[in-house]
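First up is the structure itself, then whatever we jot down about it.
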Amino acid sequence: MSLTEWLHTASRQLQGGLKLLGSVPRVAEEAWEGKRAAWTESRKLRSPLRELAWDYHTAQAAMNEAEAIMLVNGPATRPSSLNMPLCETDCELLERIKNDTAQENRTNVTRTAAYLECYRGYPELHWALLAHLVSRNGGYNMTDLKGGLIGNLFGEQEKEWLYRLLERCNALIFQDAYPQLQLYMHSRHLGRSCFHLLPYFHVSPFMKPFWERFWAWRDSSLLTVALIINEQNYIEGRVVKDPYFQKFVTHKPGFYLHDWLQLNQVIFPLGLNGGLAGLVMERFGHLDERIGFGKSLYAMLFGHQQVLDQVSAFANSVPHTGSRSDYWPGLFTPNEQKALHSLDESATLLAHEWLPPGQRLYSPELNAVWSDTAYDPIPRYDWFQDGSTLGHLSEPRRPLLFAMRHEHRHGIQKTAMAHVAHNSLQPFH
């Protein structure tokens, strides 16, 4: 490198560093203003409230039955239910659901769409809409790894590991939950309960009392909370505590950077007007926190009529692609050639509510950057070995602060600052 080139590179790094430092006070000011705006917007969205019906006695009876199954039968004898003879209709149903699950479990995009179809057909399945929206966020996080802001903050191997964690969680939850939803839908079609088939899909016996009560009384809130408990326990040992993911992902500095940049936000777009509702997951590695987080998301979604109406309008009108341009086309573009390519992302974001064409942030569609992923065999064991998690079987509470438009934008600004810092401090020769 010539002296002129060296000086030019050094000058660019100094300018980038100065821009980064100059934007810090403004970002702090934006964060404070964002908190105030979030309170105001949340207050407007809170009414009218929707009833989250919760029958304490029904919940207690289902919990007692689940605990009795665990204590009386024991892990060693549970597979005996698979020896029961099945009629021809049940055998055909098993095969159909297994095939449909494999077909829809190909990618985050197919899973997300499948959840929405379940909810559209049977809106009493509240969990299906919640899962659709959380799965959308999983897709956004996957494509962020190849996007314009954080793509260069991680090495290729780190991005692969992070993607595998996100994909594994998304795929395993679908593998466990989708057959349960399908059994309910076929039960409705046949006019009889099909939940005696749950063990054939390796579903924890924990779920059977809740599905049986749902079949009889349509207690949507109780079933949703049970499914949240079940699915978070399902991935606890298979992903979160798995030695591979602990070694290569959750104990790596990049995973904590992911949290600091607030990429752990779960957002629900409110129609097509740029509004967002959502919450921030503080500690992904803690089972209790994930369950409480899921319950709060559910109470936010189904406990406020405005949120439910606007989120449903968005979900039904905007197909999921994995690109953040799905909900913020004024800030993001899936076209890399038309995206912003400079060291000025943070300053640009702070200066404008929306970015003009040719200066938007690159957020690719998932199918353009990640191919179908064949995952490892699923460990077959029942997580429900003790009653420690039964304390979560309680009425979900609505969060007070859940408007996320400003908070989400602030997270993007922090990411842009990290992007600027990374590029500014690249070594030169």
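In this chain, residues are counted from 1 in sequence order.
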Do Arg96 and Glu92 meet the salt-bridge criterion of a basic N to acidic O distance under 4.0 Å? no

Between Asp309 and Arg50, is the closest basic N to carboxylate O distance under 4.0 Å? no

Closest non-hydrogen atom pair, His202 against Asp176: O-OD1, 4.1 Å

Between Arg405 and Leu276 (side chain of the first, backbone of the second, donor and acceptor by atom type, cut-off under 3.5 Å), is there such a pair? no

Residue pair Leu301 / Leu308: nearest heavy atoms and the distance that separates them: O-CB, 3.4 Å

Is there a donor-acceptor pair under 3.5 Å between the side chain of Thr143 and the backbone N or O of Ser323? no

Under 3.5 Å: donor-acceptor pair, side chain of Asp326, backbone of Thr321: yes

N-O pairing of Arg290 and Glu231 below 4.0 Å: no

Which atom of Tyr298 lies closest to which atom of Ser221, heavy atoms considered: OH-OG, 3.0 Å

Among Arg136, His320, His408, find the residue that satisfies the side-chain hydrogen bond (donor to acceptor under 3.5 Å, both in side chains) test when tested with Tyr327. His408

So, taking the atom named CG in Leu86 and the one named SG in Cys91, what distance separates them when rounded to the nearest 0.5 Å? 5.0 Å

Working to the nearest 0.5 Å, report the span between CD1 of Ile229 and OG of Ser394. 7.5 Å

May I ask you to say whether Lys44 pairs ionically with Glu41, meaning some side-chain N is under 4.0 Å from a carboxylate O? no

Basic-acidic side-chain contact under 4.0 Å: Glu117, Arg120: yes

Using only atom types and a distance under 3.5 Å, with no angle test, would you say the side chain of Glu236 pairs donor to acceptor with the backbone of Trp383? no

What heavy-atom pair brings Arg238 and Arg168 nearest, and what distance separates the two atoms? O-NE, 4.4 Å

Run through Tyr184, Trp127, Phe195 and flag the one making a ring-ring contact (aromatic ring centres under 6.0 Å, His included) with Phe214. Tyr184

